[in-house]
Novice: 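Provided herewith is a single structure, encoded as structure tokens, for subsequent inquiry.
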Amino acid sequence: MKFFIDTANLNEIKEANDLGILDGVTTNPSLMAKEGIAGEESILQHYKTICDIVDGPVSAEVIATDYEGIIKEGEVLASLHPNIVVKVPMILEGIKAIKYFSSKGIKTNCTLIFSPGQAILAAKAGATYISPFLGRLDDISSDGLSLIQQIRHIYDNYTFDTEILAASVRHTMHIVHCAEIGADVMTGPLKAIKGLANHPLTDKGLEQFLSDYKKLNQ
Ligand code: G3P
């Protein structure tokens, strides 16, 4: 399973990249706003900076919701760097745009996926990735992981090349469950990624090893 970090924060992106396990980055307009990135020039520059840090796919989301607008914005984003993936919302205009981008060899991430039907439609249009939001489903007492499981099953029935990018990952166990299900990619916060390393028996064991070593090697 590929690991993407879901943030526009450059320090967190650098920290995750320095771990050597990072495969890519996803952003969205809310994450960009959280970092105070506003205005077309600054937004485009920020994407370029992220692409300079991480050697892997970087999802940059369009704001337009009409076909022409999505195409115009998406082409500008795609021209920024070969690793840019144009993130397009799951709406019918978005599906048409994904089909267009697919025919032009422009990579896409169909975002805001909340049902298997939406996942089928995006795959039919040729989306490179689809982003089912598992945390947001969990937030409303629905089962985000079941959705990912259903989509995995459906995609495996056919020859869709579309990758399942589990998004809205909130904690470490979401990552483990996504791996069990067979999501192709997960995107999550740095804290959830770093949480994978934690185990009290590891800490205890290491402490013991170091103390035993020190007893004879002062
Ligand atoms: O980038 C899309 C998704 O990962 C958002 O996550 O935590 O805002 O539901 P969240």
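One-based numbering along the sequence shown. All ligand and atom numbering here is 1-based and tracks the order in the structure.
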Novice: Would you find more than 12 non-hydrogen atoms of other residues, nucleotides or ligands less than 6.0 Å from Asp161 atom CG?
Specialist: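 No, the 6.0 Å shell around CG holds no more than 12 heavy atoms from other groups.
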Novice: Above 12 or not: heavy atoms from other molecules or residues under 6.0 Å from CG of Asp55?
Specialist: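 Count not over threshold, so no.
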Novice: Show which atoms of ligand 1 fall inside a sub-4.0 Å distance from at least one heavy-atom site of Asn28.
Specialist: 1 (O), 2 (C), 5 (C)
Novice: With the side chain counted from C-beta on, respond yes when Ser131 and Phe133 share a heavy-atom pair under 4.5 Å apart, and no when they do not.
Specialist: yes
Novice: Taking only heavy atoms of Arg170, which atoms of ligand 1 are found under 4.0 Å from at least one of them?
Specialist: 7 (O), 9 (O), 10 (P)
Novice: Distance only, no hydrogens: is a donor on one side chain within 3.5 Å (strictly under) of an acceptor on the other, for Glu61 and Asn28?
Specialist: no
Novice: When you measure from atom 6 (O) of ligand 1 to every protein heavy atom, which one gives the shortest distance, and what is it?
Specialist: Ser168 CA, 3.3 Å
Novice: Less than 3.5 Å apart, any donor N or O on the side chain of Gln45 or Thr49 sitting next to an acceptor on the other?
Specialist: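 Checked: Gln45/Thr49 side chains pair up, N/O donor to acceptor below 3.5 Å.
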Novice: Identify the protein heavy atom lying closest to atom 2 (C) of ligand 1, giving its residue, its atom name and the separation to 0.1 Å.
Specialist: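 Here the closest protein heavy atom is Phe133 CZ, 3.2 Å.
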Novice: Please report which non-hydrogen protein atom sits nearest to atom 8 (O) of ligand 1, along with the residue it belongs to and the distance in Å to one decimal place.
Specialist: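 Here the closest protein heavy atom is Arg136 NH2, 2.8 Å.
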Novice: I need the atoms of ligand 1 closer than 4.0 Å to a non-hydrogen atom of Ala167, numbered in the order shown.
Specialist: 4 (O)
Novice: Answer yes or no for Thr26: is there a heavy-atom contact with ligand 1 below 4.0 Å?
Specialist: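 Per 4.0 Å heavy-atom rule, Thr26 does not contact ligand 1.
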Novice: Is it the case that the side chains of Thr26 and Ser59 hold a donor-acceptor pair, with the cut-off being a distance below 3.5 Å and no angle test?
Specialist: no
Novice: Does ligand 1 have an atom under 4.0 Å from some heavy atom of Lys87?
Specialist: yes
Novice: Please list the nearest protein heavy atom to atom 4 (O) of ligand 1 with its residue and the distance rounded to 0.1 Å.
Specialist: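 Answer, as residue, atom name and distance: Asp6 OD2, 2.5 Å.
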Novice: Applying side chain to side chain donor-acceptor pair (under 3.5 Å) to His153 and Gln150, what does each step give before you reach the verdict?
Specialist: CA-CA 5 Å; His153 181 80; Gln150 266 181 297; over 6 Å; no
